[in-house]
Participant: 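Quick one: this structure, given as structure tokens, is what I'll be asking you about.
Just so it is clear: chains get the letters A, B, ... in the order the sequence lines come, proteins before strands, and each one is counted from 1. Just so it is clear, the structure is predicted and the values come from calculations on it, not from any experiment.
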Amino acid sequence: MKKIMTTHFSKQVLDWYEIHGRKDLPWQLNKTPYRVWLSEIMLQQTQVVTVINYFKRFVHTFPDVESLAKASEDEVLHLWTGLGYYARARNLHKCAKAVMSDFGGKFPDNQTDLESLSGIGRSTAAAIISLAFEKPATILDGNVKRVLTRYKMVEGWPGNKKVENELWELAENLTPKTDNAEYTQAMMDLGATLCKRSKPRCEECPVKQDCFARLESRQKEFPNSKPKKDKPTKSTFMLIQLDKLGRIRLIKRPSKGIWAGLYSFPEYEKIDDIEKLMGSDNHKLGSFKHTFSHYHLQVHPVVVKGCDSNEVRSDDNEIWYHPEVTEEIGLNAVVLKVFKKLKDI
DNA sequence: GAGCCGTGGCG
DNA sequence: TCGCCAAGGCT
């Protein structure tokens, strides 16, 4: 009985995919394990529309794992600038080097070896096995979770371990051994285009007649939402020093914590801390709020012009940045936002 | 298990 | 304006 239902489900999904699935995303063309891996990392917690241009720029600069492994971390972070979750970029680089040194430059095609690599967990490993090597594997990403929690009305927040284990088992039971790559892509397409979080297009869904949530008109309740927690608000004064050549002083952030390894402005807790150092001849840009996944940051940019770049003691972590001269480095979205504000004044 | 780790879009 | 969250993984 179970097997019949399983076959039924995957057949419906596969038939739908053949007609409605996405088959010409950049990483689906010239498909290689490298391109599949890169896309899977970029797509972690990030939507397709955001990733597309980053992916194109990245493979243009680093067309294969060897070129990526040889790059500097700053170059890699540069191509990740604005994409967020920068640990992904550092792990990506680390992974590329490991593939070169430990796997002869070829991505492994099994779950254990793939999961031993930085940045690759159970679902990403399965996606690579399925999509790149076309061997049977089961993924469980946000799309699949959304589809399955609705299909079987799975109660509880999917981030909860018990719920997640339940979903893994369900996912594995539904995954076919044949046409596995198509099925994997189909489930993600289904979740992304029809079984969306808001306004799901159930009428067009290939499994609508068996979907418990739809049959009870409870689609909105699934997946159950994450228990909410208030985000604290922090405040920071960012010192933007310009020298006579229009260069900007940036400091490389530590290898742990927010924006690790990226260049950013020096930060101070109070305006007094800046004026004690620089004097009171400064210009305040409008403060603004930047929101992270786990807290809000109220940013107060303070501009000091006409600095003498020779006067500031410079170590390896400091640079005077000029977009057209400075070698490529990683920047965060707040720095980009401030750059834009500077242009407007 | 729970916190950490970005960003932009949407309702 | 604001909370929510999108192709997760690491510690």
Participant: Name the nucleic acid region contacted by A:W80, choosing base, sugar-phosphate or nothing; use a 4.0 angstrom heavy-atom cut-off, strictly under.
Facilitator: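 Result for A:W80 = nothing.
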Participant: Using a 4.0 Å heavy-atom cut-off across all strands, classify A:R22 as base, sugar-phosphate, or nothing.
Facilitator: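 The residue A:R22 makes base contact.
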Participant: Which ones in residues 253-268 of chain A lie close to DNA chain C, meaning a heavy atom under 4.0 Å from one of its atoms?
Facilitator: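 Here the set is empty: none.
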Participant: Would you mind classifying the nucleic acid contact of A:G191 as base, sugar-phosphate or nothing, using non-hydrogen atoms under 4.0 angstrom?
Facilitator: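 Counting heavy atoms under 4.0 Å across all strands, no contact is made by A:G191.
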Participant: Could you tell me the separation between the NZ atom of A:K231 and the P atom of B:dG6, rounded to a whole number of Å?
Facilitator: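 One finds 13 Å between P of B:dG6 and NZ of A:K231, rounded.
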Participant: Do the ring centers of A:H290 and A:F288 come within less than 6.0 Å of each other?
Facilitator: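 Not under 6.0 Å, so no.
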Participant: For DNA chain C, which residues in residues 222-230 of chain A have a heavy atom at a distance below 4.0 Å?
Facilitator: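 Contacts with DNA chain C under 4.0 Å: A:S225, A:K228.
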Participant: Name the nucleic acid region contacted by A:K145, choosing base, sugar-phosphate or nothing; use a 4.0 angstrom heavy-atom cut-off, strictly under.
Facilitator: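 Nothing, no nucleic acid heavy atom in range.
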Participant: Taking side chain to side chain contact (heavy atoms under 4.5 Å, CB included) as the test, write out the residues that go with A:K276, two or more places apart.
Facilitator: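 So A:K276 forms a side chain to side chain contact (heavy atoms under 4.5 Å, CB included) with A:D273.
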Participant: Looking across every strand, which nucleic acid part, if any, lies under 4.0 Å from A:L92 by heavy atom: base, sugar-phosphate, or nothing?
Facilitator: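 The residue A:L92 makes no contact with any strand.
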Participant: Output the residues of residues 326-343 of chain A in contact with DNA chain B, where contact means a heavy atom of the residue under 4.0 Å from an atom of the strand; sort by number or write none.
Facilitator: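 Hits under 4.0 Å, by residue number: A:N332, A:A333.
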Participant: Under 4.0 Å, heavy atoms only, any strand: does A:I41 hit a base, just the sugar-phosphate, or nothing?
Facilitator: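 A:I41: no heavy atom of the nucleic acid under 4.0 Å.
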Participant: Within a 6.0 Å radius of atom CD on A:E18, are there more than 12 heavy atoms belonging to other residues, nucleotides or ligands?
Facilitator: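 Open.
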Participant: Please report the distance, rounded to the nearest Å, between OH in A:Y295 and C1' in B:dC4.
Facilitator: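 My rounded result for the distance is 10 Å.
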Participant: List in numerical order all residues of residues 54-61 of chain A for which some heavy atom is under 4.0 Å away from an atom belonging to DNA chain B.
Facilitator: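 Contacting residues: none.
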Participant: Roughly how far apart, to the nearest Å, are B:dG6 and C:dT1 at atom P?
Facilitator: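 It comes out at 25 Å once rounded to the nearest Å.
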Participant: Measure NE2/A:H294 against C1'/C:dC4 and give the value in whole Å, please.
Facilitator: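 For the pair A:H294 NE2 and C:dC4 C1', the rounded distance is 17 Å.
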Participant: Protein-nucleotides 8-10 of chain C N/O pairs closer than 3.5 Å?
Facilitator:
{"unit_1": "C:dG8", "atom_1": "OP1", "unit_2": "A:G142", "atom_2": "N", "d": "3.0"}
{"unit_1": "C:dG8", "atom_1": "OP2", "unit_2": "A:Q45", "atom_2": "N", "d": "2.4"}
{"unit_1": "C:dG8", "atom_1": "OP2", "unit_2": "A:Q45", "atom_2": "NE2", "d": "2.8"}
{"unit_1": "C:dG8", "atom_1": "O5'", "unit_2": "A:Q45", "atom_2": "N", "d": "3.3"}
{"unit_1": "C:dG8", "atom_1": "O5'", "unit_2": "A:Q45", "atom_2": "NE2", "d": "3.4"}
{"unit_1": "C:dG8", "atom_1": "O3'", "unit_2": "A:T124", "atom_2": "OG1", "d": "3.3"}
{"unit_1": "C:dG9", "atom_1": "OP1", "unit_2": "A:G121", "atom_2": "N", "d": "3.0"}
{"unit_1": "C:dG9", "atom_1": "OP1", "unit_2": "A:T124", "atom_2": "N", "d": "3.0"}
{"unit_1": "C:dG9", "atom_1": "OP1", "unit_2": "A:T124", "atom_2": "OG1", "d": "2.4"}
{"unit_1": "C:dC10", "atom_1": "OP1", "unit_2": "A:G119", "atom_2": "N", "d": "2.9"}

Participant: Flag the pair A:F292 / A:W259 as yes when their ring centroid distance falls below 6.0 Å, and as no otherwise.
Facilitator: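 Ring centroids of A:F292 and A:W259 are less than 6.0 Å from each other.
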Participant: Does the side chain of A:Y86 get closer than 4.0 angstrom to OP1 or OP2 of B:dT7 through an N or O atom?
Facilitator: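 Answer yes for this pair, as a side-chain N or O of A:Y86 is under 4.0 Å from OP1 or OP2.
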Participant: Measure the distance from CZ on A:R90 to C1' on B:dG6 and round it to the nearest whole Å.
Facilitator: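 Distance, rounded to whole Å: 12 Å.
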Participant: Whole angstrom is fine here: how far is it from CD1 in A:I52 over to P in B:dG9?
Facilitator: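 To the nearest whole Å, that distance equals 14 Å.
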Participant: Applying a 4.0 Å non-hydrogen cut-off, can you work out what A:V48 is touching in the nucleic acid: base, sugar-phosphate, or nothing?
Facilitator: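 Answer is base: heavy atoms of A:V48 come under 4.0 Å of a base.
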Participant: Assign A:Q185 to base, sugar-phosphate, or nothing according to its heavy-atom contacts below 4.0 angstrom with the strands shown.
Facilitator: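 Base: the residue A:Q185, judged by heavy atoms under 4.0 Å, touches a nucleobase.
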